[in-house]
Amino acid sequence: MDTYDLFEACQQIREFLDALTNWYIRRSRDRFWAGDSDAIDTLHTVLSVLCRLAAPLLPLVSEHIYRGLTGERSVHLADWPRVDEVPADDALVTTMDRVRDVCSTTLSLRKSKSRRVRLPLAAITVAAPNASALEEFSSIITDEVNARVVTFRSDVAGVAREELQVIPAALGPRLGANTQKVIGAVKRGEWSKTDGGVQAGGVELEPMNMSSSSLLILPATRMRPRPRSVMVTAW
């Protein structure tokens, strides 16, 4: 908002609402039904802060929700939220983001292999640097993906190999005539990592055009990170 980028501001709120609805609220339904005060207080605080943040973008909707939520006169008379108003745990947020990545990737792999979620998996293996940090949330993972056992390994290289993928439509405008040369080299496996990024077919690919994936789920099954012009993925 400080840079008048309203599109990005709206997108941030959309992404947050998606995580709030499809992860926290969905995962906490039993706690809400049981009257867990911590869960209810957390949701109340989140919605209150969110309404104040969204008020300039959604003036009428945020007003209706905020007044019903707090009983106060108007969200537009409330103070703008401060960063220090709510507690922060960056390590927990990072770990939970990785847990969500594990779950979403596993479910995607299930779909690609036509394995319905209601059919339990005997076991899944998650390989990632510092995978032990996810062990505390293994019960969430097994519940989300319907697996009996989940094991964690930090030695990604021991169970995976890296594969370079190029997306011609994104790579072409920058490389021009060299695009086909790079694509051919990648298909032949003639690429290597460098200090600055990746080199393929004698062409140096910039770090901004590369995405390195350090998460592996289910041996011999391929991951698909968000599209970039170049992706290094483990499978």
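Atoms considered below: every heavy atom in the structure, side chains included; atoms not considered: hydrogens, waters and symmetry mates. Treat the numbers as computed from the prediction; the structure is a model and nothing was measured.
Scanning both residues, R110 and L121, for their nearest heavy atoms gives NH2-CG, 3.2 Å. Here the closest heavy-atom approach between residue I141 and residue I124 is recorded as CG2-CD1, 4.0 Å. Closest of all the heavy-atom pairs between F137 and T95 is CE1-CG2, 3.6 Å. The two residues L58 and S62 come nearest to each other via the heavy atoms O-OG, 2.5 Å. Considering every non-hydrogen atom in both N130 and S154, the closest pair reads N-OG, 3.9 Å. R148 approaches A122 most closely through the heavy-atom pair CB-O, 3.5 Å.
Around atom CD of E8, more than 12 heavy atoms belonging to other residues, nucleotides or ligands sit under 6.0 Å away. Counting heavy atoms of neighbouring residues, nucleotides and ligands inside a 6.0 Å radius, atom CZ of R27 exceeds 12 of them. Counting heavy atoms of neighbouring residues, nucleotides and ligands inside a 6.0 Å radius, atom NE2 of H76 exceeds 12 of them.
Interatomic distance, T151 OG1 to E135 CD, rounded to the nearest 0.5 Å: 9.5 Å. Put simply, OG on S114 and CG on L119 are 11.0 Å apart, with the number rounded to the nearest 0.5 Å. Atom-to-atom distance recorded for R100:CZ and D97:CG is 6.0 Å, nearest 0.5 angstrom. In this structure, CZ on R116 lies 5.0 Å from CZ on R118, to the nearest 0.5 angstrom. L60 CG to I65 CD1: the interatomic distance, rounded to the nearest 0.5 Å, is 11.0 Å.
Side-chain N or O atoms of S48 include none that pairs as donor or acceptor with a backbone N or O of H44 at under 3.5 Å. R98 contributes no side-chain N or O that, together with a main-chain N or O of L134, makes up a donor-acceptor pair within less than 3.5 Å. Side chain of E63 to main chain of V75: a donor-acceptor pair is present (N/O by atom type, distance under 3.5 Å, no hydrogens or angles). At least one donor-acceptor pair closer than 3.5 Å links the side chain of R26 to the backbone N or O of N22. Without hydrogens or angle criteria, S28 side chain to I25 main chain gives no donor-acceptor distance under 3.5 Å.
Cluster annotation: F152 and M96 are assigned to the same hydrophobic cluster (Ile/Leu/Val/Met/Phe/Trp/Tyr, side-chain heavy-atom contacts under 4.5 Å, transitive). Cluster annotation: L17 and Y66 are assigned to distinct hydrophobic clusters (Ile/Leu/Val/Met/Phe/Trp/Tyr, side-chain heavy-atom contacts under 4.5 Å, transitive). Following chains of ILVMFWY side-chain contacts shorter than 4.5 Å, one can reach W80 starting from V49, so the two form part of one hydrophobic cluster. W23 and F16 end up in different hydrophobic clusters when Ile, Leu, Val, Met, Phe, Trp and Tyr side chains are linked at under 4.5 Å. When the side chains of ILVMFWY residues are joined at heavy-atom separations under 4.5 Å, either directly or via intervening members, L43 and I13 end up in a single hydrophobic cluster.
Proximity of M1 to L53: side-chain heavy atoms (C-beta onward) are nowhere separated by under 4.5 Å. When side chains are defined from C-beta on, V46 does not count as touching Y24, because their heavy atoms never get closer than 4.5 Å.
Residue pairs meeting the salt bridge (Lys or Arg N to Asp or Glu O under 4.0 Å) criterion with at least one partner in residues 71-89, sequence neighbours excluded, are R52-E85, R82-D84.
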Return all side-chain donor-acceptor pairs below 3.5 angstrom for residues 33-40, not counting sequence neighbours, or 'none' if the list is empty.
| residue | atom | partner | partner atom | Å |
| --- | --- | --- | --- | --- |
| D36 | OD1 | D38 | N | 2.9 |
| D36 | OD1 | A39 | N | 3.3 |
| D36 | OD2 | R31 | NE | 3.2 |

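None of V145, V150, V126 except one satisfies the side chain to side chain contact (heavy atoms under 4.5 Å, CB included) rule with V102; the exception is V126.
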